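Written out below as structure tokens is the structure these notes cover.
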Amino acid sequence: MVQAPMAGGATPPAFIVACMRHGLLGSLGAAYLSPEAMKAQVEEIAAATAAPLNINLFLPCGQPPAEGVVEGMLVHLAPLHEAAGLPPPHLPDPPEQDFTAQLAMLRRLRPRIASFVFGCPDAGMVAALKAEGILVIGAATHLEEARRVAASGVDAVVAQGGEAGAHRATFIGSFEDGLVPLRELLPQMVSALDIPVIAAGGLMSGGDIRAALEAGAALAQIGTALLRADECGIPQAHKDALAAGAAAGATTRLIRHWSGRAARGLANGFTRGIDAAGIAIPPFPLQNAMTQALRGHGRKTGDADMLALWCGTGYSGARAAPLADIVSRLCADAGFPSQNH
Ligand SMILES: Cc1cc2nc3c(=O)[nH]c(=O)nc-3n(C[C@H](O)[C@H](O)[C@H](O)COP(=O)(O)O)c2cc1C
């Protein structure tokens, strides 16, 4: 099993180390980290365990905003900032971490594995990483993307089913085109590619994991099933919102409101406010940068209307328990030996 990379605070080093100690491949979702923060977190993990680590980055995918869209969003955000006691909203410059600097740090840190989402990794970058002894993983949401990613020379591809929590990896066609259920996507990718396929999306039980492996997946990547673990770094208000949503039967949806890029999660006051205003949303990473202050406020105050409530379609099956309990139940139900290190 792979502990899914989950950027944005869900996976502090202690969480990753706990996953590794229970036999999962640990993944550092480093997309929002500066090179210095990446280094500090990797060193903290390496001080605790010698198990192999996957460092995950977002490939640059920004597009220019349509005229007036950023300004319109700043007008919408202004009263929310005022109510929260925050300084007026602005567009941070630069709006995202510098990918070239992050990649340079990744190469210095030399993890066993590097994984990339939101595009097709450049073949030259893949070759350079592989020459340094780093295994490279890409991600796809439909077969055309999978073939393109495989042709870049990567060692494995994540099949991200439409069920998966948070951002869609889609980079060809619309996000809606990329919503292929894992049970359809996985066999397509397994038969079309000659490299290992990692199943992701909606794997909530040992039975789900077993079925993915039987359908030809080399590994099963688990995100949402770990979100309510005691050690997981999402705010308690996010964990509580998942429990409340499950009790109310709320369904997940594709949400562009927080980052400008489609991501699966639960609607809340913030997303409904934008819907009601009917305004256009600036593209990733601009919207992500502009909503950062509100999300920070939500994290600080425990206001679930000011948090990006990412989760996959299976979120009602996420258990609130110590990570060890969650992983050992998944292992037992999948028929794996439990591995504690
Ligand atoms: C809170 C959260 C954050 C995520 N962040 C990332 C990320 O930074 N990089 C990435 O490749 N995938 C990210 N994902 C997607 C996971 O890697 C994986 O595809 C997904 O969690 C699997 O589906 P599941 O959530 O149904 O288990 C994230 C998922 C969640 C729930």
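Each ligand, and each atom within it, is numbered from 1 in the order the structure gives. The model shown is predicted, which means the values in this text are computed figures rather than measured ones.
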Taking atom 18 (C) of ligand 1 as the reference point, the nearest protein heavy atom with its distance: Gln221 NE2, 3.8 Å
Close side-chain approach of Ile134 to Ile113, heavy-atom, < 4.5 Å: no
Ligand 1 contact on Thr224 by region, counting heavy-atom pairs under 4.0 Å: both
Plane angle bin for His167 and Phe284 - parallel if under 30°, tilted between 30 and 60°, otherwise perpendicular: perpendicular
Nearest protein heavy atom with distance in Å, relative to atom 15 (C) of ligand 1: Gly165 O, 3.6 Å
Distance-only donor-acceptor check, side chains Ser27 and Asn54, under 3.5 Å: yes
Thr141-Thr170 side chain donor-acceptor pair, cut-off 3.5 Å: yes
Asn56 and Ser115 side chains, donor-acceptor separation under 3.5 Å: yes
Main-chain N/O of Met204 paired with Asp208 side-chain donor or acceptor, under 3.5 Å: yes
Proximity to ligand 1 by part of Met6, non-hydrogen separation under 4.0 Å: both
For Gln160, atoms of ligand 1 separated by under 4.0 Å from a heavy atom: 19 (O)
Element-labelled atoms of ligand 1 that are located less than 4.0 Å from some non-hydrogen atom of Ala166: 2 (C), 3 (C), 4 (C), 28 (C), 29 (C), 30 (C)
Arg261 side chain to Arg168 backbone, donor-acceptor under 3.5 Å: yes
Hydrophobic cluster membership, Leu143 vs Phe171, 4.5 Å side-chain cutoff: yes
Atom 22 (C) of ligand 1: nearest protein contact (heavy atom, Å): Gly201 N, 3.5 Å
Residue, atom name and distance, where the atom is the protein heavy atom closest to atom 8 (O) of ligand 1: Ala7 N, 3.0 Å
Side-chain heavy atoms of Ile234 within contact of Phe15, under 4.5 Å: no
Shortest protein contact, atom 16 (C) of ligand 1 (heavy atom only): Ala4 CB, 3.6 Å
Shortest protein heavy-atom distance from atom 9 (N) of ligand 1, along with the residue and atom involved: Asn56 OD1, 2.8 Å
Closest protein heavy atom (residue, atom, distance) for atom 20 (C) of ligand 1: Ala164 CB, 3.8 Å
Heavy atom of Ala10, distance to ligand 1 below 4.0 Å: no
Structural part of Ala31 in contact with ligand 1, heavy atom criterion under 4.0 angstrom: neither
Atom 26 (O) of ligand 1 - nearest protein heavy atom and its distance: Gly202 N, 2.7 Å
Heavy-atom nearest option to atom 14 (N) of ligand 1, drawn from Gly223, Pro5, Cys311: Pro5
Sub-4.0 Å heavy-atom contact, Phe58 with ligand 1: yes
Close aromatic pair by centroid cut-off 6.0 Å: Tyr32 and Phe58: yes
